[in-house]
Amino acid sequence: MIFTAPGRRPSATGTGPPWASWTSAGAQAVAVALGGVSFLAISSGLVDLLGAGDDTTVFLLAGTLSGLAAAWLLVLIRPPDRVRDSHVLSGVAVALPLLVGLLAGLHLLVGSTTSVVDALAEATAGLTTTALGAIEPAGSDHGLRFLRATTQWAGGLGALFVGVAILPFFGAGREFADRSRIRGRRPMTPTQRTALRNILIVYGTASVATWLAYAVAGLSIFDALLVAMATVSTGGIVDGDPFARPAAQWVAVGGMVLAGTSLVVLWRLAVGRARGLWRSAELRVYLGLLVIGTVLFLMWTDGAGPEGVRHAAFTVTAAVTTTGFPSAPAGTWSAAAPVLLLGLVSIGPMTGSAGGGFQILRHRALLQVALREMVRQIHPRAVVRVRLGGRVAAEDTLARVVITQFLSVSVLFVTALTVAVLGLDLIPALGAAVHAVSTAGPVRALDGTVLDPSAWPAPARLALLPAMVIGRLSIYPALVALSTGASVCRNRIRLARRIRSYRGRTL
Amino acid sequence: MTIPFPLEDRWSSTTGHVTGLALLFMSAGMFVSAIVGLVAGSAGLALLGATAITAFLGAGLWWTTRPGALDHATVFTAVGGTWVAASMVGVLPYLLAGTFAVAGRPWTVVVADALFESISGYTATGATVFGGHNRIADQGAGILLYRQLTQWAGGMGIVVLVVTVLPSLRASGLGLIDAEAPGMGVDRLAPRVRDTAIRFWRLYLGLTVLVAVGFLVAGMGPFDAVAHALTTASTGGFSTRDASIGYWDSVAVESVLIVALILAAASFTLHSRSWSRKRITHFGDHEFRGFLSVLAICTLVVSTLLAFDGMAPARALRVGLFNVVTLGTSGGFGNATGAGSDGDWVRWAAGPQMVLLFLLVFGGCTGSTAGGVKIMRLRVGMAHAARTLHSFRRPRALLPVRQGTATLPDSLVERVAGFMVVYGMLVVGGTVLVAALGTDLVTAVSGVIGSLGNMGPVLGDAGPTASFVDGFSTPARLVLALLMLVGRLEIFPMLLMLVAPYRSVRGAAWPTRRPGH
């Protein structure tokens with residue numbers, strides 16, 4: 001995790017000058033990536049003992065080594081005097097690709113695949129909670145199955161940390177944070193540390209509740225745990241067909257709805273601040289989307305009866321929450337059904353949830369910006385305020401939302417163009433790009449059939465990975481990181497040139 | 001001598017007055033077509049009938065109304081109302097001549113088809129409902145010329161035409177032109193608004209004549225040359241042949257068309273400046289250079305991909321250049337000689353088709369006859385994005401958005417951002433609606449983008465050798481027709497025309513009054 005470090009912290013290796021903000025952020029990103037892999041590998045190694053246990057040694061060895069490296073790095077790091085927001089975001093953006101690389105290496109080490117592309121695709125899909133996985137482990141390979149599930153779970157948790165505990169504290173999305181203490185309220189994220197604790201509590205509780213519900217619905221304890229982790233994180237990568245039973249499918253619907261709900265809403269429910277919750281326009285829109293989407297999907301797929309409703313609810317909830325659990329098409333799909341699902345995936349769930357997509361609050365902001373622009377056309381001098389979350393939104397926030405949309409569409413288009421050039425047909429290319437940027441899945445053909453990403457050309461699959469990472473980071477941190485990286489490099493080069501010219505003059 | 005109906009006794013309605021005069025201009029176009037029809041012996045009387053009805057309606061409206069005050073809301077109502085009225089009345093020649101009355105088609109579909117063709121014409125879109133069941137080649141010269149003239153009139157703008165003869169609007173006329181013109185505002189070419197409008201039309205007429213001569217020299221017949229010049233200068237895309245430009249399969253014709261379309265999709269202010277300074281000033285303009293760069297890069301990408309796909313390199317370059325320019329300028333012509341031929345882009349691989357989808361979005365330069373979002377908005381959007389990212393690193397810095405040496409005001413940047421947002425919402429909403437009416441994903445999304453950008457043929461089932469009847473159901477075509485009108489007027493005038501009568505501040509401010517969490 002990136003610490004705010006308000007002042008100088010003595011280093012274990014002795015006192016020395018503080019590191020530059022970007023050096024410290026970069027080193028912490030590496031430490032987080034190493035620590036993350038260590039946690040995933042050690043836990044998977046221990047779980048592997050429940051099965052054949054043939055991968056346990058490799059898992060534990062890799063986990064221990066990376067854990068030691070992370071600990072050494074954390075000890076070494078000297079906090080900077082001043083933490084720059086952009087460097088923190090860059091650190092976050094760098095940590096994810098690093099983690100992807102290390103996790104892909106772990107997959108290759110334990111022999112879950114021999115293909116580098118498959119390993120990278122699997123690691124990226126898991127960490128970005130995009131249901132476009134590339135590996136199908138054997139049922140008895142407990143360690144690998146657990147690694148896949150834990151990767152998603154950690155990816156969902158990371159997304160919540162970034163969305164609720166990092167971005168609002170470092171310049172982006174302050175309006176989206178629950179920090180108000182009006183009338184003695186107990187906010188969820190008054191400080192970064194409290195935010196982290198509360199996220200862990202809510203996320204952990206939701207995970208355990210979903211696990212128990214799956215177990216009650218008839219899944220084995222281990223399978224229930226894996227599917228619960230895939231549900232709560234909106235990861236959607238599961239082995240086999242755990243949703244064959246109607247009860248399991250209904251539990252999945254409930255779990256996905258929970259996962260797509262803002263953590264702030266869940267927190268308020270947990271601490272007894274449920275009064276007035278229904279006034280949240282975002283919550284109403286979210287639930288409305290689920291209901292209206294289900295009804296439309298039923299109409300457009302010739303669905304009927306309780307089974308049709310269950311199937312429609314499952315498919316639509318998987319799309320809105322960007323979980324992406326696969327389901328075979330029931331009934332005949334009209335032309336509008338795949339368009340509806342793509343639209344729902346793009347909209348996404350509530351802001352502050354583990355889901356991807358553009359998310360509802362941002363869409364509301366865009367709608368209000370659009371309406372304001374129309375009002376301004378008739379009344380050019382009118383001062384029209386836009387409210388978000390009950391408060392007047394700052395112009396900076398609105399500009400960022402608009403720019404995020406612009407950049408999202410740009411990333412989507414570039415991804416679609418690239419994968420189309422690399423061999424995908426037009427419809428799979430568009431579908432894959434939308435799903436990658438929204439961190440959803442699975443990609444479907446026009447008749448609703450789920451397409452198998454492992455059948456796509458390897459370059460096309462690689463081209464989808466950056467879109468998944470950028471989508472998971474909500475675009476903004478990724479681009480701030482790129483921009484900061486470019487700026488740091490430029491400044492370094494300029495400095496080196498000046499030093500050289502100064503030396504030349506003095507000599 | 002007393003005036004029978006003095007000006008002060010007339011009904012004060014700017015919308016009515018402008019619409020009346022626009023209908024009179026339209027009737028003049030119909031009359032020219034009627035003469036050609038009478039000479040060619042096809043649909044001449046029907047066109048004469050349509051001329052009479054349109055002239056009567058126009059004269060009636062013009063005579064009974066006088067221009068009133070021009071506030072922002074009235075401007076939108078006047079411009080939107082004029083375009084709706086022109087599109088409605090534009091169906092008369094088709095209905096009276098029985099153009100779409102094919103055996104077995106119900107009258108509702110016939111009327112819907114006539115309306116679609118009329119709107120596609122006046123908005124210079126170029127999407128057509130002619131096709132295998134009802135061929136363009138079977139139509140008479142009168143109807144064909146009328147069809148081409150609708151695009152020519154719509155290309156520069158009916159309201160701009162009205163302003164040239166409506167001195168009573170005085171300075172407020174600039175608001176009307178601004179609301180109708182493509183882009184982010186109109187440059188005043190002359191101190192008087194009327195002179196500005198006249199100068200625009202003169203340039204437009206000059207370009208049309210020049211293109212007609214070019215086509216004649218390239219080998220087209222006189223009628224085809226004039227007819228295609230009308231729809232090239234307007235970046236419309238209607239043709240007198242079912243195979244469009246593919247009918248000639250001529251490098252010379254395609255070359256003339258490419259140059260003409262690029263000129264038509266460049267800002268007419270640039271043309272005017274070059275004309276007055278007696279030298280070419282286009283390459284000093286950032287937007288024009290960006291426009292040419294986009295066309296060049298897309299041509300390179302498309303041609304390379306086509307060549308990799310097995311097409312001969314020279315052929316790939318010719319096909320790639322033509323189709324990139326025709327879609328990048330919102331021209332909408334095709335050089336496919338038949339379904340499945342090299343120029344039939346719906347048979348291409350997915351990569352080049354995706355490039356065409358990009359071109360469908362952006363169109364030409366501001367202040368031109370081209371549709372689409374425009375290159376300038378793309379540039380402003382990118383500059384705005386760069387500034388927002390930069391401000392993250394320098395939170396207290398004052399960072400202006402620049403285009404060349406000019407600093408853009410924040411209000412303009414916000415206006416562009418607002419436009420992009422509304423455009424995106426229309427694309428998404430329109431795609432869902434058109435898909436719900438029975439269209440597949442690719443045809444729906446490209447159809448909606450193409451209609452909003454006034455492009456013409458699109459991807460999927462409505463490609464260059466297909467008719468929109470093949471790709472879209474009748475209700476879906478009506479949705480697309482509405483989007484063409486919305487897109488031609490750059491979204492806001494048509495949407496605001498609906499709410500302008502209820503333009504109280506209370507009504508306007510409702511978005512801020514919603515309770516939120």
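Convention: sequence-line order gives letters A, B, ...; per-chain numbering from 1. Since the model is a prediction, treat every value here as computed from it, not as a measurement.
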Using non-hydrogen atoms and a 4.5 Å limit, figure out which bit of [X] sits close to chain A: side chain, backbone, both or neither.
X       : result
F358(B) : both
L441(B) : both
V301(B) : neither
L433(B) : neither
T388(B) : both
V432(B) : both

Measure distances from [X] to the heavy atoms of chain B and classify the residue's part below 4.5 Å as side chain, backbone, both or neither.
X       : value
L417(A) : both
L407(A) : side chain
I403(A) : side chain
L424(A) : backbone
H87(A)  : neither
A382(A) : neither

What's the verdict on side chain to side chain contact (heavy atoms under 4.5 Å, CB included) for V402(A) and M420(B), showing C-alpha distance, side-chain angles and the deciding distance? CA-CA 9 Å; V402(A) 171; M420(B) 295 283 209; 5.7 Å; no
Measure the spacing between [atom1] of [X] and [atom2] of [Y] and express it to the nearest 0.5 Å.
X       : Y       : atom1 : atom2 : answer
M374(A) : F492(B) : CE    : CZ    : 7.0 Å
L342(A) : T431(B) : CG    : OG1   : 10.5 Å
S334(A) : L437(B) : OG    : CG    : 10.5 Å
R400(A) : S391(B) : CZ    : OG    : 5.5 Å

Please find the pair of heavy atoms, one from [X] and one from [Y], that lie closest to each other, and give the distance.
X       : Y       : result
G438(B) : A335(A) : C-CB, 4.1 Å
A436(B) : W300(A) : CB-CZ2, 3.5 Å
M354(B) : F413(A) : O-CZ, 3.2 Å

With respect to chain A, which residue among [options] yields the maximal number of heavy-atom pairs within a distance under 4.5 Å?
options                            : result
T443(B), V428(B), T439(B), I491(B) : T439(B)
A349(B), G381(B), G460(B)          : G381(B)
R387(B), H390(B), M425(B)          : M425(B)

Tell me which one of L366(A), V401(A), L367(A), L398(A) satisfies side-chain contact (heavy atoms from CB on, under 4.5 Å) with V421(B). L366(A)
Please step through side chain to side chain contact (heavy atoms under 4.5 Å, CB included) for the pair F406(A) and M382(B), ending with a clear verdict. CA-CA 9 Å; F406(A) 180 75; M382(B) 285 164 64; 4.0 Å; yes
So do R415(B) and R376(A) actually touch side chain to side chain, heavy atoms under 4.5 Å? no
